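Computed from a prediction, not measured in an experiment: that's the story for all the values here. The first residue of the sequence shown is numbered 1, and numbering continues consecutively from there.
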Amino acid sequence: VELNPTASYGSHVSYGPVSQVSLSNGTNPIMSAAAPPKRLNKMAKVANKTAANVQITAEQIIREAQERQLEKVPPKPRQRIDDPEELAEFRIQKRKEFEDAIRKNRGLIGNWIKYAAWEVSQLEFRRARSVYERALDVDQRNVTIWLKYAEMEMKQGQVNHARNLWDRAVLMLPRANVFWQKYTYMEEMLGNIANARQIFERWMAWHPDEQAWFAFINFEIRYKQIENARNVYERFIQCHGTEVKHWIKYAKFELYNGELPNARAVYERAIEFFGEENMDEELWLAFARFEEQQKEYERARAIYKVGLDKIPKAQAEKLFAAYAQFEKKYGDRSEVENVIVDKRRFMYEEEVKADPTNYDAWFDYIRLCEEENDVVKTRDVYERAIANVPPAKEKRLWRRYIYLWIYYVIWEELKNKDVSRTREVYRQCLNIIPHSTFTFAKVWLLFAQFEIRQKEVTAARKLLGRALGMCPKEKLFKGYIEIELNLREFDRARTLYNKYLEFNPANCQTWTKYAELEAILGDTERARAIYELAIAQPLLDMPEVLWKAYIDAETELGEYDRARDLYERLLKKTSHVKVWIAYAEFESAMDGEDSVEQARHVYETADKEVKSQGDKAQRLMLLQSWLEFEKVSGDDNSVSRVQRKMPRRVKKRREVFAEDGSRDGWEEYYDYIYPDEQAGKPNLKLLQNAQKWKKGLLKPKTSEASNEEKSEDAEKATPAAEVENVD
C-alpha cells in the first residue's frame, strides 16, 4: 500500500497492488481516508402484493439494478506508507485479516495460498513456510498446496528445501504425476542426471500411465542412452502391452535407430502376443508398411494376405484398402484382379452374415468362387449355403433355396466330373425336402436324368417310381412319360398314362396326349376309345379342348361323318355360339356340292337356337360370321337377307343400385335391337317419334318427311357398327 503525503482527507482513492510497499523519508505522513458513503433512501413498502398485469423477469431486474447502481460501494483508498512503524502496523493489520479469513473458513485453500503469497511478497519466507505447513496440516492431499510450496522454494533457490518437499509430496501422493514430472525436471535442470534417473525409476515402480513411460524414454534418448531406452520400452510393453499402438511405437523406435531386425522382431512378437482372437488391423497394417518401406514386397504381400485371412472382414476395411493400393503399385494384373475379387468376397461375406437366408447373395458368392476355379473354396461355400434351411415348411420359402442344391449338383457333375459326389448331393437334397408337405418334381427328374446319363436306367425308374409313390404330381408323371418315350418304351408310357389318368381323370390334356400317342403308333381304334372314355367323364377341366382334339383327329383321318356326328353330340351338351360357328365352318370346308347349303342350314339353325337363348352378343357374333360366309360363298340376295337380320346398337341408361339396395346413380350401356324384336314391339317407333318431337326434331309430314321415313326404314337394316344415341 502506498501512502501519498500530499493527499488530503476525503480525496479520490483507488486500489493498488498489495505487494508494493515503499518507505519515504518525507515528513508529516498523512494517511488518507475515503469519504463516507451516501445514505440510500429506503424503498417504499408495497401495499398491494397481487400479481401485476405486465410481468418482468429476473434478468430485467438485474439489468436495471446495474444501470441504476443502487448499491454502489466506494472503493478502498490507496495508501502509501513512508514510516517503518506504519509498515509494521500495516503488516499486523494485514496478517490479522488473513488470520480472520482462515478462522472463518479453514478449509478454503485459496485463503492459505494468498496468505503465503503475501508473506513471500514481504520477503518473510519463514512465515510463508509456516503458512504452507499449516495449510498442509489442514489438507495434506491437496496438490495445489504442494505445488505452490515447492515452486516457492525453487524460485528462491532453496534446492534442498524443494527436494525435501518433492520427496514428501511423492510419498504422500505417488499417483500425482505432476509431482514426479516437476521433480525430475528440477533435477535435470540442475544437471543431476543420475538423481533424475533414480527418480524416474522410483516413479516407474508405481506403474504409471503411458505418458510417464514416454517421459522416461525421451529422457534416456536425450542423453543418448539408447540401450536404457530400449530396456524402458521392454518394461513399458510388459505393463501396457495390451494396446497395439505401444508395440507400433516401440517398433518405430527401433527403426528410427537403425535396428531393422529388432523392429521386425517387435512386430512378430506383437502378432504372437495378441494371437488370433485379438487381432487388430492397425498392427498388420503397420507391419506391412514397414516391410514395404524396406522394399520387401513379397513379405509385405504375405503379411497383407495373412492379415486379411485372420481378421474378421468387418474389421479389416483399412487393411484391405491398403492392400489394394499396394498391389496397384507393385503387383501385376493378376494380383490386382485378386484384390478386386477379395473385395467382392468381403462384400458377400457381410451380406450372408447379416442375413443367412439371403439366397441371392449366396448365388453371387458361389458364382464368384466358381470363376476362381478353386474347388475346395467353392465346395465350402456351397456347403455353407445349403446349411441355411428355410425356417418354415412353406414352398414359397423353399423355391430359391432348392436352386442352391440344383446348382451344386450341376457344378459337381459338369465342372468337377465327380459322379459319386453328385449322387450323394442329390440324395442329401431329397432327404432334406419335406415330401409329406410338398416336393420339387424338378429335383426328382434331374436326379433321374443324371442316372440315365450314367447308364443307370433301372435306378432312374426306381427313383421316379419312388417319387410317384411318395408324392405324385402332374409334373412327375409328364417327366416320367417323356423319359420313357425318349427311350422308346411305349408300353411303359401307356402304363404311366393309365396311372396318370387314375391320379387325375379330369385333365383333358392328358387324355389328348394319350390319344395322340396311340394315333402316332397307328392304333386308331385305341385312340378313338380313349377319346370316348374322355368325353364320357363327368368332370373335365377343359372339355372344349378335348372335343376339338377329337374332332380334329377324325377330320385328319377323313372320317367326316364321325366328325359331323361329334358336332351333333357336342351341340346336345352345349349350344355355345363358337361351337355353331366351328360346325358351320367345318361344313363349308367340305368338298361336296351341298356344302354351302349345309353350312347355311347350320347357320340358320344356330340363329334360331341362339335367339331362343336371348343372348344378343352371341347372336351378333353368329350373324357376323354368317355374313362373312355369305360374302365369300353366297350371292347378293343371301347377303342382304343376313344384313336385314343385323341389329342396331343403341345407347341406353339404367339405374344402378348398391349392395345394400340403395340407389347409386345411373350408368350408360349399349344394347342391340334386332329387326325381328322391333316388329314385335309396334309402340317402339311411336316412342322414338315422341322423343324426337320433344327435342324439336320432328317436323310436319311433307315430302321431306316422307323421305326421312324412308331413310329410317333403311336404317333398320344397317349393321350394328352404326350407333344411334337413344336414352
Side-chain angles (χ1 to χ4, degrees), residues 348-349 351-353 355-484 486-487 496 500 503:
Y348 293 141
E349 285 287 349
E351 290 183 11
V352 299
K353 183 178 180 181
D355 185 9
T357 58
N358 184 3
Y359 302 119
D360 292 331
W362 283 111
F363 288 135
D364 296 336
Y365 194 7
I366 290 168
R367 194 176 299 112
L368 175 66
C369 295
E370 289 179 355
E371 291 174 357
E372 295 181 356
N373 296 323
D374 190 342
V375 176
V376 177
K377 188 175 293 185
T378 304
R379 183 176 288 127
D380 178 67
V381 175
Y382 267 121
E383 292 293 337
R384 289 170 55 196
I386 62 178
N388 298 294
V389 182
K393 292 183 179 181
E394 298 180 13
K395 194 169 184 178
R396 62 182 182 83
L397 301 177
W398 283 67
R399 284 193 175 95
R400 295 295 291 167
Y401 169 72
I402 209 65
Y403 273 97
L404 289 173
W405 290 93
I406 294 173
Y407 288 170
Y408 190 9
V409 294
I410 292 174
W411 177 77
E412 289 285 0
E413 181 184 1
L414 301 182
K415 295 294 181 66
N416 294 342
K417 310 295 183 182
D418 193 342
V419 176
S420 60
R421 178 70 180 174
T422 305
R423 186 176 287 110
E424 182 62 27
V425 174
Y426 268 122
R427 290 171 180 170
Q428 291 179 6
C429 178
L430 292 176
N431 290 334
I432 203 172
I433 297 174
H435 300 289
S436 59
T437 306
F438 57 85
T439 190
F440 290 94
K442 182 185 291 292
V443 179
W444 292 100
L445 295 175
L446 287 174
F447 194 5
Q449 293 167 3
F450 165 76
E451 295 290 359
I452 292 173
R453 287 193 294 271
Q454 307 306 319
K455 313 299 183 183
E456 297 289 342
V457 180
T458 304
R461 286 176 177 146
K462 289 182 179 179
L463 179 69
L464 291 176
R466 173 187 164 200
L468 293 176
M470 291 177 60
C471 44
K473 288 185 64 175
E474 292 188 1
K475 191 173 182 180
L476 280 173
F477 279 108
K478 292 178 181 179
Y480 197 179
I481 291 171
E482 184 179 359
I483 290 174
E484 295 294 352
N486 292 333
L487 295 173
L496 289 173
Y500 191 4
F503 171 71

Take Trp411 and Val375 through the test side chain to side chain contact (heavy atoms under 4.5 Å, CB included) and record every step on the way to the result. CA-CA 10 Å; Trp411 177 77; Val375 176; 3.9 Å; yes
Asp418 and Thr422 have their tightest heavy-atom pair at O-OG1, 2.6 Å
At their closest point, which heavy atom of Trp398 faces which heavy atom of Ile432, and how far apart are they? CH2-O, 3.5 Å
For Lys442, does the NZ atom have more than 12 heavy-atom neighbours from other residues, nucleotides or ligands under 6.0 Å away? no
Report yes or no: does [X] contribute a side-chain atom to a donor-acceptor pair with the main-chain N or O of [Y] at less than 3.5 Å?
X      : Y      : answer
Tyr403 : Tyr359 : no
Trp362 : Tyr348 : no
Asp380 : Val376 : no
Thr378 : Cys369 : yes
His435 : Ala467 : no
Lys455 : Ile452 : no

With sequence neighbours excluded, residues passing salt bridge (charged side-chain N to carboxylate O under 4.0 Å, His left out) with Glu349: Arg384
Sequence neighbours left out, what passes salt bridge (charged side-chain N to carboxylate O under 4.0 Å, His left out) with Arg367? Give chain and number order. Asp364
Hey, what do you get for [atom1] ([X]) to [atom2] ([Y]), rounding to the nearest 0.5 Å?
X      : Y      : atom1 : atom2 : result
Arg466 : Cys471 : CZ    : SG    : 9.0 Å
Lys417 : Lys415 : NZ    : NZ    : 9.5 Å
Leu464 : Trp444 : CG    : CH2   : 8.5 Å

Is Tyr365 close to Glu351 at the side-chain level, that is, under 4.5 Å between some pair of heavy atoms? no
Derivation and outcome, side chain to side chain contact (heavy atoms under 4.5 Å, CB included), residues Phe503 and Lys473: CA-CA 9 Å; Phe503 171 71; Lys473 288 185 64 175; 5.9 Å; no
Evaluation steps, side chain to side chain contact (heavy atoms under 4.5 Å, CB included), between Ile433 and Ile402: CA-CA 9 Å; Ile433 297 174; Ile402 209 65; 3.6 Å; yes
Assess Lys475 against Phe440: is NZ or CZ under 6.0 Å from the centre of the six-membered ring, and within 45 degrees of the ring's axis? no
Take Glu451 and Lys462, measure what salt bridge (charged side-chain N to carboxylate O under 4.0 Å, His left out) needs, and give me the verdict at the end. CA-CA 11 Å; Glu451 295 290 359; Lys462 289 182 179 179; over 6 Å; no
Should Thr357 and Tyr401 be marked as a side chain to side chain contact (heavy atoms under 4.5 Å, CB included) after you check the CA-CA gap, both sets of side-chain angles, and the distance that decides it? CA-CA 8 Å; Thr357 58; Tyr401 169 72; over 6 Å; no
Can Tyr382 and Glu370 be counted as having a side-chain donor-acceptor contact under 3.5 angstrom? yes
